[in-house]
Amino acid sequence: MGKNNSKTPQAIRGTQDIFGAEAESFAFVVETFERVRKLYRFRRAEFPVFEKTEVFARSIGETTDIVSKEMYSFEDRGGESLTLRPEFTAGIARAYLTNGWQQHAPVKLATHGPLFRYERPQKGRYRQFHQIDAEIIGAAEPQADVELLAMADQVIRELGIEGVTLHLNTLGDGDSREAWRAALVEHFRSVKDELSEESQERLEKNPLRILDSKDRRDQRFVADAPKIDAYLSDEARAFFDAVTGGLDAAGVKWVRAESLVRGLDYYRHTAFEFIPDEGSAAADALGSQSTILGGGRYDGLIESLGGPPTPAVGWAAGIERLAMLVGEKGEGRLNVAVVSEAESTDLLAAWLAPQLRWKQLSVELFNVGGLRKRYDKAVKANPQVLLVLDDKTSVPHQIGVMRVRSLTHNKSIDPDTADLIRDALEGKLWLGGNRIIQHGHEIELEHDPLAE
RNA sequence: GCGAUCGUAGCUCAGUUGGUUAGAGCGCCGGUUUGUGGUACCGGAGGUCGGGGGUUCGAGACCCCUCGAUCGCCCCA
């Protein structure tokens, strides 16, 4: 709110502070990606979040929106123009060249982290956002595309996301793409005056984009626009057939999307997006954003950075968008709540908690405030087991009593948890007597572990 | 860059056609039921109603400007 305006700086527009349930969903996406990429033997890599501006300007394309108006660029103290990465691929290509990773080619890389684009924020779109990313560099074969897409498909399915479909297209090789582009320009130029204002501009800058315009005025002319298929070379056709055949064999469902083009200049051959199905719950959750994962083949990119001709293919997916589709991920139930009733049992509690945590039980300590508040908070934390420490003992060498409470409805304690608690304490805190970890039991604490 | 909607307590919100000292729930702090089941009861702290200007006898409500948020266009993940 505004109260602290004069004192507290505000967060940068389009950045997010992620906490609680949302943070759990975010982590679930990353963890799932990490697990799956290992199954496909993609190697983990880390890259700088900023690069020389030319890394992006030269590879992504000067006329793209990203380069022309969305980059966070600045001069460092040496006067060099640097840019916060707006995407992963260009920086990875640079790293491939400057580190001599040709020696590893073909190399399968996986990474994730923040990206930055100066855009107007809205649902599913931020100025600092996060992606998971997978690339195969140095592989010209369609089998690489297939494996990469199979991995994308598995990530999405293991996330439990439904109602999302792989939309697949080919842009052909460089010559095919140029011939098709020229034909499109000619087609749309003939009806230029009837196109939307935006598409009239696109005609000069980015004619392929007219194909997926949402404007009805444009859509009339999209239907009979030239198709890429008519311009594909035999090689490009064969390549695409090999990709689709491989996807079928791998059990990856896909649909042909003839008008799917990707925004960046460097794409060749395979281009794809995973898009929620019309009317699905996923589509609702994403608002007006549609693509959750996108990518393609970029055989020309590495050359544009001064490297040798190097085939490559990759994809990236928005973690925030995926997280919106995975549903609530709880923080996991608390295993044990420890309530220390007396000042004299606080140290006992401080000793007990880590013993249990070393047994991989989650433990939360309740040792401040009034007794009633301690119990209120402990119960509200919804632990499986409530352990109460108090010093009400009349036996001289006893240091206290631990009472066991189950907070499950049937007052039973999960036997594995009970075993872990007993193992943690065995021989350390008490000997003889009642050692049963069950609801309602009181256990006499006879030895002071702190004194040993 | 353009458009629409919205800013009241830490959070979610209420606040009649403008009318005394601005409200609730949750959360927080303290107390009681003589200490134990997602409680109950009592009390307390916390707001210059985003900010600035204007209209009015009187503005949280109306007007202008500004800042911010949300959603959409463009574009993208």
Side-chain angles (χ1 to χ4, degrees), chain A residues 1-6 8-16 19-20 29 60 63-70 85-89 112-133 152 156 164 196-199 201-202 205-206 209 212-215 261-264 272-276 286-295 314-325 334 337 339 341-342 366 368-383 386-390 392 403-409 411 439-440 442:
Chain A
M1 301 292 100
K3 182 177 64 165
N4 293 326
N5 274 355
S6 59
T8 307
Q10 288 176 311
I12 304 299
R13 172 178 299 197
T15 63
Q16 334 165 62
F19 173 75
V29 171
I60 297 173
T63 63
T64 60
D65 278 16
I66 288 179
V67 172
S68 63
K69 57 187 190 193
E70 294 177 1
R85 64 185 180 195
E87 59 135 32
F88 276 114
T89 306
H112 64 83
L115 293 304
F116 305 84
R117 290 182 199 169
Y118 193 88
E119 291 186 278
R120 199 65 180 269
Q122 57 184 271
K123 191 180 187 69
R125 199 168 82 184
Y126 307 94
R127 288 186 173 181
Q128 177 180 334
F129 59 105
H130 302 79
Q131 288 183 344
I132 53 178
D133 181 281
I156 287 170
V164 169
S196 66
E197 297 75 19
E198 278 148 3
S199 283
E201 273 193 40
R202 284 192 274 237
K205 290 167 56 179
N206 208 348
R209 291 239 74 95
D212 51 17
S213 167
K214 292 171 189 166
D215 198 303
V261 296
R262 307 235 65 236
L264 314 184
F272 53 86
E273 295 180 354
F274 282 77
I275 299 175
L286 281 171
S288 71
Q289 315 306 326
S290 54
T291 305
I292 58 171
L293 181 153
W315 57 254
I319 297 176
E320 288 88 349
R321 291 184 187 178
L322 292 170
M324 287 190 283
L325 303 183
L334 174 62
V339 174
E341 287 206 351
F366 298 89
V368 293
L371 269 189
R372 174 144 255 128
K373 286 279 156 51
R374 296 186 196 193
Y375 282 103
D376 285 349
K377 286 180 181 172
V379 167
K380 215 171 247 187
N382 191 28
L386 180 63
L387 297 179
V388 178
L389 301 176
D390 79 27
K392 296 291 189 295
R403 287 180 309 239
V404 180
R405 290 282 184 277
S406 165
L407 291 201
T408 58
H409 287 301
K411 302 194 185 231
H439 178 78
E442 297 203 346

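Letters go in sequence order (proteins before strands), and every chain restarts at 1.
- Here S406(A) lies in heavy-atom contact (under 4.0 Å) with a base.
- For G68(B), the OP1/OP2 oxygens have a side-chain nitrogen or oxygen of R13(A) closer than 4.0 Å.
- Between the side chain of R321(A) and the main chain of L286(A), no donor-acceptor pair closer than 3.5 Å is present.
- Between the CG atom of L386(A) and the P atom of G37(B) there is a distance of 11 Å, given to the nearest Å.
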side-chain contact (heavy atoms from CB on, under 4.5 Å) between I292(A) and I156(A): does it pass, once the steps are laid out?
CA-CA 10 Å; I292(A) 58 171; I156(A) 287 170; 4.1 Å; yes
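- Along RNA chain B, the nucleotide nearest to V404(A) and the one nearest to E87(A) differ in position, and the one closer to the 5' end is contacted by V404(A).
- Between D376(A) atom CG and U32(B) atom P the separation is 14 Å, expressed in whole Å.
- Remark: the separation of the P atoms in C63(B) and G30(B) is 46 Å, to the nearest Å.
- A22(B) and G47(B): their P atoms are spaced 13 Å apart (whole Å).
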Show your working on side-chain contact (heavy atoms from CB on, under 4.5 Å) between H130(A) and E320(A) and close with a plain yes or no.
CA-CA 7 Å; H130(A) 302 79; E320(A) 288 88 349; 2.7 Å; yes
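- What separates NE2 of H439(A) from C1' of G37(B) is a distance of 9 Å, to the nearest Å.
- Taking CZ of F116(A) as the reference point, atom CD of E70(A) lies at 14.5 Å (rounded to 0.5 Å).
- Rounding to the nearest 0.5 Å gives a distance of 8.0 Å between OG1 of T89(A) and CD of Q131(A).
- Distance CZ/R262(A) to OG1/T64(A): 12.5 Å, rounded to 0.5 Å.
- Within 4.0 Å of H112(A), counting heavy atoms only, lies no atom of the nucleic acid at all.
- Remark: of the listed residues R13(A), E119(A), Q16(A), Q16(A) is the sole one forming a side-chain contact (heavy atoms from CB on, under 4.5 Å) with Y126(A).
- For the P atom pair drawn from U16(B) and G23(B), the interatomic distance equals 14 Å after rounding to whole Å.
- R120(A) contributes no side-chain N or O that forms a donor-acceptor pair with the base of C76(B) under 3.5 Å.
- With G68(B), C74(B), C76(B) as the choices, the nucleotide that has an atom nearest any side-chain atom of R117(A) turns out to be C76(B).
- The separation of G51(B) from G7(B), taken at their C1' atoms, amounts to 11 Å, rounded to a whole angstrom.
- R127(A) places its CZ atom 17 Å from the P atom of C76(B), with the value rounded to the nearest Å.
- Between L371(A) and I66(A), the residue anchored nearer the 5' end of RNA chain B, judged by the nucleotide with its closest heavy atom, is L371(A).
- Taking the P atom of each, C74(B) and U56(B) are spaced 46 Å apart, rounded to whole Å.
- Here S290(A) lies in heavy-atom contact (under 4.0 Å) with a base.
- Rounded to whole Å, the P atom of G50(B) lies 15 Å from the corresponding atom of G15(B).
- At a threshold of 4.0 angstrom between heavy atoms, the contacts of R262(A) are confined to the sugar-phosphate backbone, with no base atom among them.
- Applying the 4.0 Å criterion to OP1 and OP2 of C29(B), one finds that K377(A) has a side-chain N or O inside that range.
- For C57(B), the paired base is G19(B) (Watson-Crick or G-U wobble, both distances below 3.5 Å).
- The phosphate of A77(B) (OP1 or OP2) has no side-chain N or O of T291(A) nearer than 4.0 angstrom.
- Distance noted for atom C1' between G1(B) and A14(B): 38 Å (whole Å).
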Could you go step by step and tell me if L387(A) and V339(A) meet the side-chain contact (heavy atoms from CB on, under 4.5 Å) rule?
CA-CA 6 Å; L387(A) 297 179; V339(A) 174; over 6 Å; no
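- Pairing for C2(B) is with G72(B), a Watson-Crick or G-U wobble pair whose two hydrogen-bonding atom distances lie under 3.5 Å.
- Across all strands, K373(A) comes closer than 4.0 Å to base atoms (heavy-atom distances).
- Across all strands shown, I292(A) has heavy atoms under 4.0 Å from sugar-phosphate atoms exclusively, and none from any base.
- A77(B) atom C1' lies 12 Å from atom CZ of F272(A), rounded to whole Å.
- The residue Q289(A) sits close to a base: some heavy atom pair falls under 4.0 Å.
- Pair assignment for G37(B): none, as no Watson-Crick or G-U wobble contacts are both less than 3.5 Å.
- By the 5.5 Å and 30° criteria, Y375(A) is not stacked with the base of G37(B).
- The separation between E273(A) atom CD and C75(B) atom P is 13 Å, rounded to whole Å.
- Rounded to whole Å, atom P of C73(B) lies 15 Å from atom CG of D65(A).
- If you check every strand for non-hydrogen atoms under 4.0 Å, L115(A) touches nothing.
- A donor N or O paired with an acceptor N or O is not found under 3.5 Å between the base of C75(B) and the side-chain atoms of R209(A).
- Between K411(A) and G37(B) there is no side-chain N or O to OP1 or OP2 distance below 4.0 Å.
- Nucleic acid contact class of G287(A) (heavy atoms, under 4.0 Å, all strands): sugar-phosphate only.
- Summarising the geometry, the separation between CD on E119(A) and P on U70(B) is reported as 14 Å, rounded to the nearest angstrom.
- Across the strands present, G43(B) finds its partner in C29(B); the criterion is a Watson-Crick or G-U wobble pair with both atom distances under 3.5 angstrom.
- Contact annotation: Q122(A) side-chain N/O to G72(B) OP1/OP2 distance is under 4.0 Å.
- E87(A) CD to R117(A) CZ: the interatomic distance, rounded to the nearest 0.5 Å, is 7.0 Å.
- To the nearest whole angstrom, the two C1' atoms, one in A9(B) and one in A45(B), are 11 Å apart.
- With a 3.5 Å ceiling on both atom-pair distances, A14(B) lacks any Watson-Crick or G-U wobble partner.
- Using a 4.0 Å heavy-atom criterion, one finds that K123(A) contacts the sugar-phosphate atoms exclusively.
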